[in-house]
K.L.:
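Below are the structure tokens for one structure; questions will follow.
None of the values given here were measured: they were computed from a predicted structure.
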Amino acid sequence: MKAVVYTRYGPPEVLRLADVTTPVPRDNEVLVRVRAVSLNGSDWETLRGTPLYSRIGGPFRPRHHILGSDIAGRVEATGRTATRFKPGEDVFADVLNRMGGFAQYLCVPESALAPLPAGLSYEQAAALPQAGAIALQGIRDKGRVQPGQKVLINGAGGGSGMYAVQLAKLAGAEVTGVDNAEKLEFVRSLGADHVIDYTREDFTRSGRAYDLVLDLAAHRSAFAYKGTLEPGGRYLYVGGSVATLLQALLLGPVIGRAERKKIRLLAVRLGVQRLAPLIELCQAGKITAVIDRRYPLSEVPAALRYLGEGHAKGKVIILVDLLLAGQATTERLAG
Ligand SMILES: NC(=O)c1ccc[n+]([C@@H]2O[C@H](COP(=O)([O-])OP(=O)(O)OC[C@H]3O[C@@H](n4cnc5c(N)ncnc54)[C@H](OP(=O)(O)O)[C@@H]3O)[C@@H](O)[C@H]2O)c1
């Protein structure tokens, strides 16, 4: 089969399209023919090997040689004890712990798979898992956003931010979205009431305070974040620098205590089974999975560069079958 592989951390140039052996499902696994796979910030981080947490399991060389975690496709074959799905069924999954989505086929434990939600296309389903889980848990489960609350989302124009802004608005919050200037119109179009260009303004120095700060790109000190919170407010670290992560873990529980401010790491519980509330909102047309661009498998390096260099608004999708048809160019598909 064709797959996009890499054997050392680096820029998108270390990736190459290769012929590799098609995997064979173990007893509890299902072989899925991948139709669509979405990019996440974590693919970019694990390609580059930075921040350091992206090297867990592979300090010097990548642990997995094929990236791509959020897949949708069709069951091709099943292992001996995998009985929940049959060949021909459409499914989707989050395989962040094993990766392998930038390929024509991959094996997934049947417990990680769910049927493709009714009414959603392969690309819409592939756009959901990781970004959707972050947003759902950040805004609802852990963020506990209430009507009228002030919510700031740092990194609002990316994959998770796109869902988080919409979920916070649905919850009745006043939403501020922070991202680079190129994405601010997009963030407004998602419903944000206010936008901030992070290259011009540091939201931790504005003097404004929020009930929830959901941080998808954290780079400042835990003390700076404490200053952005209303009494009783919470700051949730999702991704960013390791220094900030350690501060949130070690200092977070202590420094805001007097004013009932919570500074915490959001340890996202991944898995498509947890996405039901978000799927229902997508099916009802209340949340839109915004897809910025689509690329064929052979153009994974260009797609990752587009994301990593700060242009992607919402999700970027790889349509795996397009490699075979050999039809598409990025430009033709991008519209
Ligand atoms: N905590 C957990 O359990 C968990 C689980 C899975 C993933 N994650 C993490 O979640 C993070 C976000 O993922 P994602 O897929 O949503 O990423 P994404 O699509 O790349 O979105 C991140 C957004 O943040 C923006 N950004 C970058 N630097 C910024 C800054 N200094 N200030 C404000 N915005 C900035 C980016 O814009 P630019 O284009 O300007 O760079 C981009 O729009 C990743 O770091 C990933 O590792 C965490």
K.L.:
Evaluate the side-chain proximity of P23 to L31: yes if any heavy-atom separation is below 4.5 Å, no if none is.
P.N.:
yes
K.L.:
Ion pair present between D141 and R274, side-chain N to carboxylate O less than 4.0 angstrom?
P.N.:
no
K.L.:
Main chain of V75, side chain of E89: is a donor-acceptor contact present, judged purely on distance under 3.5 Å?
P.N.:
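A pair under 3.5 Å: no.
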K.L.:
Within the side chain of D193, is there an N or O that forms a donor-acceptor pair under 3.5 Å with the backbone of V175?
P.N.:
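Such a contact is found between D193 side chain and V175 backbone.
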K.L.:
Do the side-chain N and O atoms of Y235 and D215 include a donor-acceptor pair separated by under 3.5 angstrom?
P.N.:
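There is such a pair (donor and acceptor under 3.5 Å, judged by atom type) between the side chains of Y235 and D215.
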K.L.:
Quick one, L106 and V95 - any side-chain contact, counting heavy atoms below 4.5 Å?
P.N.:
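Yes, their side chains come closer than 4.5 Å.
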K.L.:
Determine, for K313 against E182, whether the closest basic-nitrogen to carboxylate-oxygen distance falls under 4.0 angstrom.
P.N.:
yes
K.L.:
For N154 and A217, indicate whether the former's side chain and the latter's backbone hold a donor-acceptor pair under 3.5 Å.
P.N.:
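Yes: the side chain of N154 pairs with the backbone of A217.
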K.L.:
If only side-chain N and O atoms count, and only distance matters, is there a donor-acceptor pair under 3.5 Å linking E45 with Y53?
P.N.:
yes
K.L.:
Can you see which heavy atom on V14 is nearest to which on R8, and at what distance?
P.N.:
CG2-O, 3.4 Å
K.L.:
Does this structure show an ion pair linking R208 with E174, if we count only N-O contacts that are shorter than 4.0 Å?
P.N.:
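Salt bridge between R208 and E174, a charged N being under 4.0 Å from a carboxylate O: no.
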K.L.:
Report yes or no: does Y225 contribute a side-chain atom to a donor-acceptor pair with the main-chain N or O of R220 at less than 3.5 Å?
P.N.:
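Answer holds: yes.
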K.L.:
Less than 4.0 angstrom from a charged side-chain N to a carboxylate O is my criterion; do D19 and K2 meet it?
P.N.:
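Here D19 pairs with K2 in a salt bridge, since their nearest N and O are under 4.0 Å apart.
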K.L.:
Testing the basics here: between L275 and G132, what is the closest heavy-atom pair and its distance to 0.1 Å?
P.N.:
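Closest approach of L275 to G132, heavy atoms only: CD2-C, 3.8 Å.
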K.L.:
Is there a path from V178 to L307 through hydrophobic residues (I, L, V, M, F, W, Y) whose side chains come within less than 4.5 Å of each other?
P.N.:
no
K.L.:
Could you report the tightest heavy-atom contact between S69 and V37, atom names first, then the distance?
P.N.:
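Shortest heavy-atom contact: N-CG2, 4.4 Å.
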K.L.:
Quick one: does R84's side chain get under 4.5 Å of L113's, heavy atoms only?
P.N.:
no
K.L.:
For R205, does the CZ atom sit with more than 12 other heavy atoms under 6.0 Å from it, leaving out its own atoms?
P.N.:
no
K.L.:
Taking the side chain from K262 and the backbone from G256, do they hold a donor-acceptor pair closer than 3.5 Å?
P.N.:
no
K.L.:
Got a sec: does the CD of Q273 have more than 12 other heavy atoms crowding it under 6.0 Å?
P.N.:
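Check passes, neighbour count above 12.
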